[in-house]
**Student:** 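Once you've had a glance at the structure underneath, I'll fire off some questions.
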Amino acid sequence: MWLSAVITVLITISIIWVLLSESVKFFSEVSIVQFLTEKEWTPLFADKKFGILPLVAGTLLTTTIAIAVALPIGLTIAVYLNEYAHIRFRQIIKPMLEVLATIPTVVYGFFALTVVTPFLQSFIPGLAGFNALSAGIVMGIMIIPMISSLSEDAISSVPRSLREAAYGMGSTRLQTAFGVMVPAASSGIVVSVILAISRAVGETMIVAIAAGQQPRLTLNPLVPIETITTYIVQVTLGDVPHGSLEYRTIFAAGITLFVFTFALNNISFWIKKKYQEKYD
Amino acid sequence: MSKKEYKLEAKELNAYYGGFHALKGINIAMEEKTVTAFIGPSGCGKSTFLRTFNRMNDYIEGFRVEGEILLDSRDIYDKKVRVDELRKEVGMVFQKPNPFPKSIFENVVYGLKIQGIKKKSVLEEAAERTLRQAALWDEVKDKLQKSALALSGGQQQRLCIARALASQPSVLLMDEPASALDPISTAKVEELIYELKKEYTIVIVTHNMQQAGRVSDYTAFFYIGELVEYSKTKAMFTSPKDTRTQNYITGRFG
């Protein structure tokens, strides 16, 4: 029993150790200032530039699109299931939604590339074959169940007495849902969104397949971009020699990613702790 | 003599939770600006009955009513009646104080805001008026923007009363409003009921016989879904007609 716990901890520590040690070697050759401020990322080209910003921008862009899709839909589903849906319907639909989360991401990636992109191209002229928009949208679809399920839990754990108070005041269902229940459940909803963000930030396959692999410092969703994760995939799949500077870039990218998700997870943990059971 | 106009009436009211017959053929009529207390042992249907007056039972799976509930001689279970409109007319205060996790001010003006009133001066005026009515103004006037959850239980309950009054109802339903409060807060709420009956028709469910005696003009005694006895409070407490009533108010069961 204790052994498996120790192993888990050891693995975590060694991952962080590898990330750190390789990044330290990277930053001994490339300055952090350069890494954080340069506007191009071309470590695999002859003219090497090591600015992480294009990758960060690509990651933020796809993540923002994904959340813009998933938050309104996920929250609406959560509210619908909680306030409107018949209990039977809820029992059927909730597991079905969760199936969305079990579809392999590679399938989502091809869905984005071969279905969503052509569909979007039919009314968005100038949309590239690989683009952040369709990858972001599909990623959003993927994280809908995460938001809807966790938000639904948060809303249904709001004390019944608050719902009664709202109805007793003559609130309609809509007013009750969005005026009372959602604000009262906001901490849980925020946590669900943050977890969804960190999932989107770390998502690899969909963006690797559908968003292209061109690091580009832009917020235009219609052109190919590259995210931190896809860059790592690109290098590990390529013929970059181990131990070279090019090889070490993935650890620098990896630690950037790690910083992001680590921060997000901590924020969600902190919010949960601070606001949990506030209404009891 | 012309036929008397009642504020609230129930005619041959039956209510069911699925197969369970919770209220059995209840007839009752309440005059305007009086306080009526519903008493009876747990599970006798008094809370269920109270909640038929603002249709709070509507959301309970399998619940249905037969018969009529009349508010100002209109049947509130009529299909044309909008439940949200009805509840602005018939306010409710619950057993446990249930303020929204918002500021004190936002709590009081909630009912006005959902009616689309946004003008700050109107809201502020209403907040002060109803908080004064609920005898809470002096205690909270300096911290209206503070969270309502920071108030004591008794203050929260008076806040809930203020919140209910802000929608300008004519009827106030109170479901054991003091059962979760300490004696001092209870006394304050009771005083408040006494003041409020000058303007509102009040129906209060209570487990506390002394409370019924102190605050109400009329008392209705329920037993296993039936209205056993309904009369002036004094008359009921001094000379109950039914032996079940007598047993209950003398503390032989319940």
Side-chain angles (χ1 to χ4, degrees), chain A residues 75 78-94 151-192 271-280, chain B residues 47 50-51 53-62 81-103 106-116 147-150 156-157 159-169 171-175 180:
Chain A
L75 195 54
V79 165
Y80 176 78
L81 289 180
N82 222 283
E83 295 293 317
Y84 293 86
H86 197 272
I87 189 152
R88 277 258 198 69
F89 181 74
R90 178 159 80 192
Q91 281 164 353
I92 297 170
I93 211 76
K94 246 191 131 175
S151 300
E152 208 265 328
D153 291 345
I155 295 173
S156 63
S157 67
V158 172
R160 222 178 88 108
S161 61
L162 277 188
R163 175 181 283 130
E164 287 199 322
Y167 282 138
M169 295 293 298
S171 310
T172 60
R173 284 183 173 217
L174 201 66
Q175 287 166 335
T176 305
F178 287 100
V180 175
M181 303 304 279
V182 168
S186 57
S187 66
I189 292 169
V190 169
V191 168
S192 83
I271 291 177
K272 224 190 216 158
K273 213 175 140 188
K274 180 150 187 233
Y275 293 104
Q276 211 172 27
E277 296 172 332
K278 192 175 143 190
Y279 308 122
D280 286 354
Chain B
S47 276
L50 186 79
R51 285 162 175 253
F53 288 106
N54 67 346
R55 295 183 51 176
M56 277 302 272
N57 295 319
D58 282 20
Y59 302 107
I60 297 171
E61 200 100 349
V81 171
R82 280 185 53 184
V83 186
D84 47 326
E85 296 299 330
L86 167 72
R87 292 186 186 141
K88 284 163 193 163
E89 184 72 23
V90 183
M92 187 161 199
V93 176
F94 296 84
Q95 185 169 358
K96 247 182 80 187
N98 54 359
F100 299 124
K102 302 173 191 271
S103 70
E106 286 297 323
N107 265 281
V108 182
V109 300
Y110 178 84
L112 299 173
K113 280 201 165 171
I114 60 171
Q115 292 176 39
S147 168
L149 300 172
Q156 287 188 9
Q157 192 64 307
L159 177 65
C160 291
I161 294 172
R163 181 178 67 185
L165 297 179
S167 312
Q168 300 193 298
V171 176
L172 203 55
L173 307 175
M174 304 180 118
D175 191 356

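Numbered from 1 within each chain, the chains take letters A, B, ... in sequence-line order.
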**Student:** Could you measure the distance from the CG atom of N54(B) to the CE atom of M169(A)? Nearest 0.5 Å is fine.
**Tutor:**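 So the gap between those two atoms works out to 11.5 Å.
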
**Student:** Work out which heavy atom in A165(A) is nearest to a heavy atom in R163(B); give both atom names and the distance.
**Tutor:**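 Nearest pair, atom of A165(A) first, then R163(B): CB-NH2, 3.4 Å.
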
**Student:** With only heavy atoms counted, which part of E61(B) is less than 4.5 Å from chain A, the side chain, the backbone, both or neither?
**Tutor:**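 When you check distances to chain A, only side chain atoms of E61(B) fall under 4.5 Å.
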
**Student:** Do Y167(A) and D58(B) touch side chain to side chain, with heavy atoms closer than 4.5 Å?
**Tutor:**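 When only atoms from C-beta onward are counted, D58(B) and Y167(A) do not touch, as no gap falls below 4.5 Å.
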
**Student:** Given that the side chain runs from C-beta out, which part of P99(B) has a heavy atom under 4.5 Å from chain A: side chain, backbone, both or neither?
**Tutor:**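 Just its backbone gets close to chain A.
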
**Student:** Should we say atom NZ of K96(B) is surrounded by more than 12 heavy atoms from elsewhere, each under 6.0 Å from it?
**Tutor:**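 Incorrect, the count does not exceed 12.
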
**Student:** Work out which heavy atom in A166(A) is nearest to a heavy atom in Y110(B); give both atom names and the distance.
**Tutor:**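 Scanning both residues, the minimum pair turns out to be CB-OH, 4.1 Å.
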
**Student:** Sub-4.5 Å heavy-atom contacts with chain B: which residues of residues 79-91 of chain A show up?
**Tutor:**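 Hits under 4.5 Å: H86(A), I87(A).
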
**Student:** Calculate, to the nearest 0.5 Å, the distance between atoms CG and CD1 belonging to L174(A) and I114(B) respectively.
**Tutor:**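 Those atoms lie 11.5 Å apart.
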
**Student:** CZ/R160(A) to CZ/F94(B) distance, rounded to the nearest 0.5 angstrom?
**Tutor:**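 These two atoms lie 9.5 Å from each other.
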
**Student:** Do L162(A) and P101(B) have side-chain heavy atoms sitting under 4.5 Å apart?
**Tutor:**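 Side-chain contact under 4.5 Å: yes.
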
**Student:** To the nearest 0.5 Å, what is the distance between NZ (K88(B)) and OG (S171(A))?
**Tutor:**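 Separation between the atoms: 7.5 Å.
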
**Student:** I'd like to know which of L173(B), V83(B), V93(B), D84(B) tops the heavy-atom pair count under 4.5 Å against chain A.
**Tutor:**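 The answer is D84(B).
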
**Student:** Which region of R51(B), side chain (C-beta onward) or backbone (N, CA, C, O), has a non-hydrogen atom less than 4.5 Å from a non-hydrogen atom of chain A, or is it both or neither?
**Tutor:**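 Just its side chain gets close to chain A.
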
**Student:** With sequence neighbours excluded, tell me which residues meet salt bridge (charged side-chain N to carboxylate O under 4.0 Å, His left out) with K113(B).
**Tutor:**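 Salt bridge (charged side-chain N to carboxylate O under 4.0 Å, His left out) check on K113(B) returns E106(B).
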
